[in-house]
Structures are given as structure tokens and as C-alpha cells.
4 protein chains.
Amino acid sequence: MAPKVSEEYKEKKRQDLLKSAMACFAEKGYQTATIDDIVTHSGMSKGAFYNYFSSKEEIYLTLLKQSVYLSFQKLREAIQSKETAKEKLKHVFDIYSNLDFTKKSIQNHRVQIEFWIIASRNDNLIDHMKTHAKVFHDFLIEIIEEGQKKSEFSKDIKSADVSEIFWAITDGLFLHMLVEKDEFPMKRLYQTAGKMILKYLEK
Amino acid sequence: MAPKVSEEYKEKKRQDLLKSAMACFAEKGYQTATIDDIVTHSGMSKGAFYNYFSSKEEIYLTLLKQSVYLSFQKLREAIQSKETAKEKLKHVFDIYSNLDFTKKSIQNHRVQIEFWIIASRNDNLIDHMKTHAKVFHDFLIEIIEEGQKKSEFSKDIKSADVSEIFWAITDGLFLHMLVEKDEFPMKRLYQTAGKMILKYLEK
Amino acid sequence: MAPKVSEEYKEKKRQDLLKSAMACFAEKGYQTATIDDIVTHSGMSKGAFYNYFSSKEEIYLTLLKQSVYLSFQKLREAIQSKETAKEKLKHVFDIYSNLDFTKKSIQNHRVQIEFWIIASRNDNLIDHMKTHAKVFHDFLIEIIEEGQKKSEFSKDIKSADVSEIFWAITDGLFLHMLVEKDEFPMKRLYQTAGKMILKYLEK
Amino acid sequence: MAPKVSEEYKEKKRQDLLKSAMACFAEKGYQTATIDDIVTHSGMSKGAFYNYFSSKEEIYLTLLKQSVYLSFQKLREAIQSKETAKEKLKHVFDIYSNLDFTKKSIQNHRVQIEFWIIASRNDNLIDHMKTHAKVFHDFLIEIIEEGQKKSEFSKDIKSADVSEIFWAITDGLFLHMLVEKDEFPMKRLYQTAGKMILKYLEK
DNA sequence: CATGAATGAGTCTTCATTCAT
DNA sequence: CATGAATGAAGACTCATTCAT
């Protein structure tokens, strides 16, 4: 027999909880945010929460998987129209430097970085983290190696290292932005970093 | 009334507690590490702890202030002997790329990054953090501008931005190392980043 | 308004729920088994459950009343063909010593004993329990006194006490069997107990 | 350095908690009695409880071990002065039939029997239970076999079976007493059971 | 009647902090 | 000053029961 509420209804509630959880984890951090915070934020009851997620940890992980997945999807799509490796790379820099650095967006990044630290203390989560990191890492390596094949970029350069440095800059800048907030010239810094990397890649 | 114990004795106990606290916060994180963990690690009693620090938060803050201060001192001393700005900069890269990436060292960095996140949620701590960041930031700006004055580096470049990117790379790489652990070629990555920055700075 | 479904249909569902409840209470105990366990086991919905029983307690009580009733019916029927009191008594011993000590049967006994304990804490249930106990108790007393009248058994013996001891042995052995499980020589023990009682009853 | 409170003080508190726990488990049962019930009964705080026992389960187990141990100690001591096996056995019957069937004593037995059921659902506890049961079981077997050696008792009888039946009667009678309460002629029943067993053992 | 999502009081457990000794 | 037992507020999670659909 069909369930009394539609799947869309349930999915919406689930997403509401995820949104509330993101807001709470961002504001207070994983440990400090409570289930009560989340359900109060979402207007649901505690019991309802546990109908959708089995634990605080589970919603946290779901949140992370989802947001990482979504941001990677966007990245991949954005690149498709570009021809040369250099253009692709530039576009990646553009995307990151044009992110809306609204409060909400910043908070998402805070959750991501916090997770990185939490994961580093937990063997189960580490694998999870590595897998996600690899997706982004490989994505950039692919572009760089394409550029090397097409002789846009120097062949003497280790693509993996440049990719690693790019993501380090990304995470490092976000980390700093968390503290510096409004005064942080994220856009300009990102573009500068882009130039720096391109200059290094070019022969 | 004359104090019953010498100041040195008290200072030693304080330092013991700080060391234990660092070990515990590094291993478990600020929220997860308990006062019990710290006093057990240090061999003292809970009562003793509260004679030296008024709260868990206080020892955490003290720790951070102290450890940042120590690492900056080392940095400043290390470059004194160098002549040119380029040499100084290279030396900074060298220092970071030759850090001992032992478990203990990694854990200290984890504490630092975690603090960055915690601070970002607390207006009182943010100022604190900014002040500390500024010390490192200014240190690098000074070197870069010296290089620009001496025409070692291009004058078209914003020194503050390069400094910011350098510290972003530093924090970003440490963040990634936390997860990748032993397999992470920190040294090579640091040297690559150094080359990248130098190439960008040079005319 | 005419009922929408037949009485048989409703009774069938009720019995299904009772069976499921017995299985769950047996497996997990009254407190630990949940309504969810019961409805999952029966394939019904929680709402359906509450159409047939007003509470967890109610289904529990219903179960107990029913199962005690059933087992007594069997006992009474089994005796009818026997002539002498001694034969009747022996047959009771036989019936119990030949019960199938399958997992399911053991679990039923567990439920019975557990109910005994739960009832002992609740004045309403105690009367209930006493009434049921009395049925079994009187049944045995009747046989023994018949034997005394017919001079099969010694008249110096208090029939009620022997009956009480018989049921104590029965419940005690089942209790021990719950723990000893497969290794428990229930059949032999029951027969030994039977001989012991008969020897005592005989002049 | 010496602890600030004596070991006796701590042991007393521990025993207070055990007493309170026994009272609460007896009154409400393991599942229904709460930590709050126990600490309220003992006049301590919830936190204090967890200084002495790590969980509700732990205090429950401790309680069981202790009370079983104590009652067995008493039993063994009581026997020592007796010469013949028959006298020993009679004395065991006497001890049980002269137990004070006060409310408190009855409640202890309720806890014991309830534990038997709980243990039967948990593989870890079952072994525990078997071990305890064996102590009592072996104790009786020893006496019976001594009587067989000395020709006080028939050699055709399986000592283990008689022992098993004795303990079954004991537990069975206690179970029934829980429900019948004051009206239950425990003493007389126990003596009757004793005669029954002795008659069976004698040649 | 059936469904199963929602409710929220109730439970165990943790832990920063206090304070009598 | 040192000790560590005591405190109790707070938090994650459960589950019998209700009720809108």
C-alpha cells in the first residue's frame, strides 16, 4: 500500500533537516551544535529528526557527502564548454574567485574544513575524506596533463603537485577568510594565485 | 603571608599542564578532550588544575598564545643571518619544508587549525587570531618589500597578497597532510610552492 | 453502519498480532520488545495495532490469559481417558516430560515466568495470576485427593502441598532450562521428579 | 598521596548504592528502575553514582554476584558442624525453610529470578549464570555423594538430578511466593519437599 | 479501517566545575 | 596548595501513543 505521504514530502523534510543542520553545524560546530538546535531551527520535533537520520553523526556525514558532491558537479559542468587546458584552468580560478562570499557560503566552508580536522582523528572518516579529496585532485590533474600533452604547459612539472598546491591554496584561503571575514579580498587573492600557478605551468 | 612554594615550582606545574593539554587537545580536539584527560596525562589532580587555570577555555587560549609565539620566535631568528630578500624567502621555505613531520608536530598543527575554526565563531577570539596572523603576515611582507626595494622582485606585485597566499599554502598543506598522513610528500610540495612563488615574484 | 470487514477478518488479524507479540516478548522480554518489533513481525502498521489493542500492556495481558488457558485445556483433555489417580498423575508427568523443548516452546515458558514476576509487582495482575495458578493447582489437588479417597495414596499427606511442590518443580525446571538450554536433561529430570512425588504419595 | 576519603568511606557509599539498587530493582525490575530512582533512594547525586559504577548494567551484575556469593557463604558455613550427609541435607532444608520471608528477603529473590530470565536472553550473562548455578549445584551433589559413599543414601540415584530438582523446587517456590505473598506456607512446603527428597534418597 | 509520520516525555550517560577535607 | 568525590545541567537517543490523510 502506498505510503500516506509522498516521497517528495519526505525528501523535502529531509532536505529541510539537512539545511538546518548545515546552519547549526556552521554556526556552532559539530560538537557544540545539538540535535535540539537542529530541530528547533527546522521547526520539527526531536522524534521527527530520528525518523530521517539515525544519529547526529549520520546527518553530518550526509551533509558532507552532499555538499561535496554538489560543488563538484558544478565544477565539472562549468568546465565543459572550454577548449584548451589553459582556459579550463582559468575558468576554475574564475569560478572560485567569483563564489558568493555570503555568510551562508562561508559557513559551508567552515563546516567542510572542520570536517577535515574531525576526519583526521577518525580512521573511518579518513578514508571517506581521502576519496572525496581524490575526486577534486584527479579533476585538476586531468586538466593539467591535458595541457602538457597539448604542449600548453611545461612537461617538467609534476601535475599532481600543482593540483595539490591549488587545493591547498583554496582551503588555506577559506580558512583565513573565516577569520578575516569581510575585509578579506578573496577574489583578488584567488586571481593572483591563479596567475602564479599559470606562470609556473607555462614554459 | 609568604607563598608556600616557589614561583619556579608553580611555573613548572603550569607548563606541565600546558604540555599535557596540548597533547590531549591534539589527540582528541578541544571539545572531546576532557579535564580528566589532561590531569591524568599530567599526573596531577583536578583540583590542582583549577589552581593554575580557571577553566578549560583558559588553558586552551593560553596554549594557543604560547605556541604561536614560540614558533614565530624561531622563524625570526632563523633568517637573521641571510642577506638578500630572496635568500631570506628561500630560507623560510626551507624551514617549513624541513619541519619534522612527526606525529607530535602534525598534532600541533592540527590544534592550530582547529583553533582557527573555533576562533572564527567567537568575536573575542577573532581579534586575537587576527593579531597573531598579522605578525606572520607582516613578517613576510617585510621581506618581500625589502626585495622589491632592492629590485630583486617585481614592483608590480602586491606584497600582502603574496604573503597571504604563502600562508594559505602553508595552512592548506598542513590540513591535507592531516588526512593523507605518511604518504604526503610535504617536503617536495613545499619546495614546489616555493619555486612557484619565487618565479612569480621575480621580474 | 454495517461493519466494513467481517468479524473473522478482524479476529484473524488480532490473532496474528498476538502471535507476533508472543514471538517478540519471548525473544526480547516485555520491556525490551517494542510495538515496532511486533508490527514489523506481523507485517501490519502501527495504526492497525492500535485498532486491535489499546496499549502494549493490553496485548501482553491478553496473551497471557490466552496461552495459560490453552495449555490447561490440553492438560485436562489428556487426563480424561485415565482410570486411577496414579495413572492420571503419571500421565501429567509424561505430558510435561514429553513436551517438545524446541526453541519456540522454551520461549513461551520464558514469557510465562517473566509474567509471573511482572505480575508480582502489580496488585491488579496478582489476582489475575492467582486465579490462573489456582486452576492448575486445583486440578492436581483433585487428582491427589481422588487417589487418597481410593486409598492409592497416603491420607496423611496434604494434597495442596504436593500440588504446590509439583508446580514449583515445573516452573523451577523450566527456569533452569532457560539458561542451560540444550544440555538440560529435562525429560529425565521430570521423570525423576515424578517418581519422587509418587514415592512420597504412596503409603 | 593518600586519598582524601578513606577506603571504608568509599566502600560504604558503594554498599549504600548497592542496597538502593537492590531495593529499586526489586520494586520495579531492572528495566523499569531508573538511575534516578537509585540515586534518589540513596540520597546521592547522579554524578556520584557514576563515580562508583560505570553503568546501570554494572551495578546490576555486581549486585547479583555479591548476593549470590553471600548466600552461598552462609550456606557452606552452616553445614560445617554437621556429621552425616543426611544431617547436612536436613540442615540445608532447615536453612531455607527458616529464611525470614520478610518483604526485603522476598524482593531479593525476585531480583535473582528476574536476572535468571534476563541472563537467558544474553549470551554473556548466561555463562555467568551457569557458573553461579554450578556452585550451588556442586555443593549439593557433594553432600549427596558423600551420603551414597557412607551408604546413607541409595547408590542407584543420580546425585546431579536430585540436586537439580532441589534447586528447581527452591526457585519454583520462591517464584510462587512472589505472587501468593503472605498466605504462602513457605516453611511447611520446604519441609515437605525435604521429606520427599530424603525419602527418595533413602534406600 | 489503515497508514506511518510526528510527538515529546523519559532514559542513560558525560563532564566542567566546586569544595570539604 | 592538593585532593578527588560530589554535583547537576545538558545531550543523544528511544519509543508508546496519537492523528491527519
Side-chain angles (χ1 to χ4, degrees), chain A residues 1-6 9-10 13-14 31-39 43-59, chain B residues 1 3-5 9-10 13 31-40 43-59, chain C residues 1 3-5 9-10 13 31-40 43-59, chain D residues 1-6 9-10 13-14 31-39 43-59:
Chain A
M1 219 166 297
K4 287 297 171 193
V5 299
S6 66
Y9 171 86
K10 281 169 69 177
K13 283 227 140 183
R14 221 181 116 87
Q31 309 267 3
T32 308
T34 68
I35 299 291
D36 259 328
D37 289 334
I38 297 172
V39 298
M44 290 184 211
S45 70
K46 229 185 299 212
F49 175 90
Y50 284 96
N51 280 341
Y52 293 95
F53 297 95
S54 64
S55 69
K56 187 178 167 181
E57 195 181 345
E58 201 216 332
I59 197 173
Chain B
M1 219 185 306
K4 301 251 169 53
V5 299
Y9 172 83
K10 282 169 66 179
K13 286 216 138 185
Q31 306 273 357
T32 308
T34 68
I35 300 290
D36 255 328
D37 289 333
I38 296 171
V39 298
T40 300
M44 287 184 215
S45 71
K46 264 209 274 254
F49 176 91
Y50 281 94
N51 281 334
Y52 294 98
F53 298 95
S54 64
S55 70
K56 186 178 170 183
E57 196 182 345
E58 201 215 329
I59 198 173
Chain C
M1 216 185 306
K4 304 250 170 51
V5 298
Y9 172 83
K10 281 169 67 178
K13 286 215 137 186
Q31 305 274 357
T32 308
T34 68
I35 299 290
D36 255 328
D37 289 333
I38 296 171
V39 299
T40 300
M44 289 183 214
S45 71
K46 263 209 273 256
F49 176 92
Y50 281 94
N51 281 334
Y52 294 98
F53 298 95
S54 65
S55 70
K56 187 179 170 182
E57 197 182 345
E58 202 214 329
I59 196 172
Chain D
M1 221 164 295
K4 287 299 170 194
V5 299
S6 65
Y9 171 87
K10 281 168 68 178
K13 283 227 140 183
R14 224 181 113 89
Q31 309 267 2
T32 308
T34 68
I35 298 291
D36 258 329
D37 289 334
I38 296 171
V39 298
M44 290 184 212
S45 71
K46 235 188 291 218
F49 175 90
Y50 283 96
N51 279 341
Y52 293 96
F53 297 96
S54 64
S55 69
K56 187 178 168 181
E57 195 182 345
E58 201 216 332
I59 198 172

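Quick note on labels: first sequence line is chain A, next is B, and so on, each numbered from 1.
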Got a second to check how far D:Phe49's CZ is from D:Ser54's OG, nearest 0.5 Å? 8.0 Å

Which heavy atom of B:Lys13 sits nearest to which heavy atom of B:Tyr52, and what is that distance? CD-OH, 3.4 Å

Check the distance between E:dG4's C1' and A:Lys13's NZ and give it to me in whole angstrom. 13 Å

Structure string for DNA chain E in dot-bracket form, Watson-Crick and G-U at under 3.5 Å, | interchain: .||||||||||||||||||||

Please report, rounded to the nearest Å, how far the C1' atom of E:dT21 is from the NZ atom of D:Lys10. 15 Å

How close or far is atom P of F:dC15 from atom CG of A:Asn51, stated in whole angstroms? 13 Å

Closest to the C:Ser45 side chain, choosing from F:dA5, E:dA2, F:dT3: E:dA2

CE/D:Met44 to CD1/D:Ile35 distance, rounded to the nearest 0.5 angstrom? 12.5 Å

Could you pull out the closest heavy-atom pair between D:Lys46 and D:Asp36, with the gap in Å? NZ-OD2, 3.3 Å

In whole Å, what is the span from the CE atom of A:Met44 to the P atom of E:dA6? 7 Å

Under 3.5 Å, is there a donor-acceptor pair between the side chain of A:Lys56 and the main chain of A:Gln31? yes

Detail all sub-3.5 Å separations between protein N/O atoms and N/O atoms belonging to nucleotides 15-18 of chain E.
from   : atom 1 : to      : atom 2 : distance (Å)
E:dA16 : OP1    : B:Lys56 : NZ     : 3.0
E:dA16 : OP2    : B:Ile35 : N      : 2.8
E:dT17 : OP2    : B:Tyr50 : OH     : 3.1
E:dT17 : OP2    : B:Lys56 : N      : 3.1

More than 12 heavy atoms of other residues, nucleotides or ligands under 6.0 Å from CD of C:Glu57: yes or no? no

Using whole Å, report how far CZ of D:Phe53 lies from P of E:dT14. 15 Å

Note: for C:Gly43 and A:Gly43 on DNA chain E, the residue whose nearest nucleotide lies more 5' is C:Gly43

Check whether the side chains of C:Asp37 and C:Thr40 place a donor and an acceptor atom closer than 3.5 Å, and report yes or no. no

Rounding to an integer number of Å, can you tell me how far D:Tyr52 OH sits from E:dT13 C1'? 18 Å

Give a yes/no answer on whether the side chain of A:Tyr9 brings an N or O atom under 4.0 Å of OP1 or OP2 in E:dG4. no

Rounded to the nearest 0.5 Å, the CG atom of D:Asn51 sits from the CZ atom of D:Arg14 at a distance of 12.0 Å

